[in-house]
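Only one structure is covered here, and it is reproduced in the block below.
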Amino acid sequence: MHADKTNRMIYDYLRSATLQFAQDQYGVHLSPDLLQVQKTRKEFSGDFTIVMFAISKIAKKSPETCAGELGQWLREHYGNIVGSFNVIKGFLNIEIVSGFWIDFFVAAADQDYFRIKPTESQKPVLIEFSSPNTNKPLHLGHIRNNLLGHSLAEILKASGKQVVKLNLVNDRGIHICKSMLAWQRWGNGETPESSDTKGDHLVGKYYVLFDQHFKEELRQLSGSGSNEEDAEAKSALMADVREMLRRWENGDSEIRRLWEMMNTWVYEGFDETYARIGISFDHTDYESDTYLLGKDIVLEGVQQGKLIRKDDGSVWADLKPINLDEKLLLRSDGTSVYMTQDIGTACSRHERYEPQLMIYVVGNEQNYHFDVLKKVLDQLGFAWSDKLLHLSYGMVELPQGRMKSREGTVVDADDLMEEMYETARKTTMELGKIDEFEPDELNKLFHMLGMGALKYFILRVDPRKTMLFNPQESIDFNGNTGPFIQYTHARIRSVWRKAIESGWKTGSMAELIYLQPEKLPAKEKELLRILYEFPMVVKEAGDGLSPATVANYAYELAKEYNQFYHEFSVLHEKDVTLARFRLALSVLTGRVIKSAMQLLGIEVPERM
Ligand code: ARG
């Protein structure tokens with residue numbers, strides 16, 4: 001057998017060989033998923049390790065004996081793959097022959113080697129992310145959300161899936177009316193142009209202003225001894241907001257015009273922020289379009305006896321039989337709630353795409369909401385409710401005492417990106433790493449590094465975990481950071497440019513790889529082994545919905561390359577064949593770093 005150019009992985013190959021051995025030699029039939037094949041740990045010698053316990057148990061032999069016998073057998077039957085082996089307890093460590101790695105290298109020198117095209121006929125995977133409300137600008141939580149959504153989409157595409165990126169805008173409701181009312185009352189006609197303010201920030205300002213006035217009103221009311229809920233019921237401001245929402249629902253043209261104007265401001269602001277983050281969507285759903293569908297579906301559920309209507313007219317799902325609460329779906333005045341629109345949105349998406357999976361990237365404070373959404377859909381008889389998957393990510397915080405935003409509570413996304421740009425600029429200038437750059441190029445570089453730092457630092461953490469974002473640490477050129485990996489890429493490209501400048505005849509990549517397998521040095525082999533794993537890493541990241549897997553891989557590869565680069569010379573190596581081999585290895589490493597970073601939504605520079 002030769003290096004597998006179709007990307008079928010050696011893990012599978014070793015697994016099926018081992019199963020064949022167990023069958024032939026011991027008469028043991030084992031299900032493939034019980035057999036573990038893994039990368040050999042650093043402290044042992046070998047490339048891959050086969051764990052023998054599953055087989056030895058059934059074969060009733062000691063794990064050591066089985067490992068030794070399998071090793072012998074593999075040498076006899078698969079000598080063109082398996083070079084040598086050693087046994088440590090129940091672990092068989094095998095070393096793959098050098099020719100395998102070189103064959104892989106030649107195959108991978110082809111630009112398309114790692115590219116997987118999506119199968120046309122399969123059903124799409126939907127990923128909803130971002131999903132803001134239109135009453136305030138995006139914040140740090142949205143940044144984590146957006147990075148996860150974008151990266152997951154890229155990763156799933158790279159593993160051959162059809163992906164549709166969706167946004168949901170919650171553009172109606174009480175909270176939206178609050179900023180509208182505040183603007184109407186205290187805005188004096190202020191616009192983004194007149195105040196030179198980004199539209200989403202301007203609307204956010206009125207949302208805050210409403211809250212200030214409301215709190216003031218509460219203070220006065222609670223002087224008379226009533227509790228907060230009573231006070232809210234007595235609040236004249238809140239009464240006006242509720243009235244505004246009713247007028248909106250009735251299609252009152254003045255309110256609708258105000259609503260449209262302010263939402264347009266917000267969308268212009270969001271678009272700018274999304275462009276800066278570097279994300280986009282295939283389609284945007286608006287709550288104002290789907291809440292009525294949700295309402296219809298709920299009313300139908302009442303008619304079919306699947307939901308309950310109480311005496312006051314409100315509609316509920318009874319989830320007590322499955323150990324959850326009752327859930328309100330329509331208020332007594334007939335208006336809909338957050339859950340109602342999600343029912344409508346899910347149904348309309350299911351109809352539109354017939355997806356194989358609907359992923360919602362939403363923070364973990366909404367775990368209960370999505371749990372209930374799924375169960376209500378199930379109760380309503382939608383068999384596809386099991387296709388809903390909530391990717392629930394943890395909060396992201398900043399180190400204490402840093403960066404209070406203009407609202408004083410959350411960290412504004414635009415402010416943070418601006419600060420990252422500044423930090424990238426300062427750090428790069430201090431290091432003096434920028435020789436002959438045009439101002440325009442510099443600007444691009446600082447943006448790339450600032451965003452690279454932010455994105456990598458957030459994405460390298462398991463999405464489910466709460467995390468602390470440390471801007472200073474994120475930009476450290478020597479740490480486990482985006483800029484470190486970006487710098488490694490620039491370094492590789494510069495090696496390549498120097499080779500060309502000094503007159504190397506490079507030809508095609510494959511033409512550089514003429515090394516005799518026996519001459520493959522250990523460090524180069526290690527790099528090849530890591531490169532070989534890239535498709536598996538992508539698949540694992542997709543299966544586990546975790547870009548962190550790709551991020552940590554990119555770091556491991558960059559770190560390994562840097563060690564190699566410091567220990568050995570590419571351009572000054574006397575052995576020409578080896579020098580050319582190293583140059584090609586550098587180029588391939590650069591390509592894989594670039595692809596891995598692209599899966600994280602991070603650009604890499606050609607030089608810096
Ligand atoms: N707009 C909501 C919020 O800001 C999040 C929406 C999440 N997506 C959904 N399908 N419910 O809290």
Side-chain angles (χ1 to χ4, degrees), residues 125-150 152-153 164-179 200 203-204 207-208 211 263 266-267 269-270 273-274 279 281-295 297-298 317 327-329 336-353 355 357-377 382 384-385 387-396 407 409-413 463 545:
V125 174
L126 310 186
I127 305 187
E128 183 204 288
F129 60 105
S130 202
S131 307
N133 302 329
T134 54
N135 57 349
K136 47 185 168 193
L138 305 181
H139 54 72
L140 178 53
H142 287 110
I143 290 197
R144 189 175 198 187
N145 176 309
N146 293 348
L147 299 182
L148 282 171
H150 175 85
L152 274 177
V164 182
K165 295 181 286 180
L166 297 170
N167 194 355
L168 167 72
V169 182
N170 293 111
D171 61 345
R172 62 166 292 280
I174 285 284
H175 49 305
I176 312 298
C177 287
K178 287 180 183 172
S179 37
D200 50 338
V203 171
Y207 187 66
V208 173
D211 202 51
N263 273 356
V266 172
Y267 298 142
F270 284 172
T273 306
Y274 288 149
I279 62 164
F281 304 94
D282 299 311
H283 181 83
T284 298
D285 288 306
Y286 296 88
E287 172 174 347
S288 56
D289 290 333
T290 58
Y291 83 106
L292 289 175
L293 174 62
K295 225 162 152 171
I297 293 166
V298 167
K327 179 69 197 177
L328 178 74
L329 298 178
S336 65
V337 294
Y338 181 45
M339 188 61 78
T340 329
Q341 62 79 34
D342 255 328
I343 295 171
T345 310
C347 286
S348 102
R349 283 176 183 168
H350 185 263
E351 208 142 275
R352 233 183 301 144
Y353 302 107
L357 191 64
M358 307 165 91
I359 302 174
Y360 292 82
V361 183
V362 182
N364 60 13
E365 72 276 6
Q366 297 199 25
N367 284 355
Y368 185 71
H369 173 79
F370 283 97
D371 204 14
V372 169
L373 173 61
K374 214 169 153 155
K375 285 173 174 144
V376 171
L377 287 170
F382 298 112
W384 46 264
S385 67
K387 294 189 164 43
L388 267 65
L389 194 145
H390 175 201
L391 178 67
S392 158
Y393 62 88
M395 286 244 297
V396 38
E407 287 179 36
T409 47
V410 291
V411 179
D412 180 80
L545 301 181

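Residue indices begin at 1 and follow the sequence shown. Predicted model only: the values in this text are computed from it and were never measured. Side chains included, hydrogens not; waters and symmetry mates left out as well; all remaining heavy atoms used. Remember, it's 1-based here, ligands and their atoms both numbered in the order they're listed.
Residue, atom and distance of the protein heavy atom nearest to atom 1 (N) of ligand 1 are N170 OD1, 2.4 Å. At the top of the distance list for atom 12 (O) of ligand 1, counting protein heavy atoms only, stands Q366 NE2, 3.0 Å. Here the protein heavy atom with the shortest distance to atom 8 (N) of ligand 1 is E128 OE2, 2.8 Å. The nearest heavy-atom contact from the protein to atom 10 (N) of ligand 1 is D342 OD1, 2.8 Å. Atom 6 (C) of ligand 1 has as its closest protein heavy atom Y338 OH, 3.2 Å. With respect to atom 4 (O) of ligand 1, the closest heavy atom belonging to the protein is N133 ND2, 3.3 Å.
Aromatic pair Y338/H369: ring centres closer than 6.0 Å.
No side-chain heavy atom of L391 sits under 4.5 Å from any side-chain heavy atom of F129. Looking at N263 and V169, their side chains never come closer than 4.5 Å, going by heavy atoms from C-beta outward.
For the pair R144 and Y393, the cation does not sit on the ring face, since its NZ or CZ is not both under 6.0 Å from the ring centre and inside 45° of the axis.
In summary, the atoms of ligand 1 found under 4.0 Å from a heavy atom of V362, numbered by their order in the structure, are 7 (C), 8 (N).
Looking only at atom types and distance, the side chain of T134 has no donor-acceptor partner in the side chain of D171 under 3.5 Å away.
With a heavy-atom cut-off of 4.0 Å, F370 touches ligand 1 through its side chain alone.
Taking the six-membered ring for Trp and thresholds of 30 and 60 degrees, Y286 and Y267 have ring planes more than 60 degrees apart, a perpendicular arrangement.
In terms of modelled atom types and a separation under 3.5 Å, the side chain of N133 and the main chain of I176 share no donor-acceptor contact.
Residue Y360 has no nitrogen or oxygen atom sitting less than 3.5 Å from a nitrogen or oxygen atom of ligand 1, judged on distance alone.
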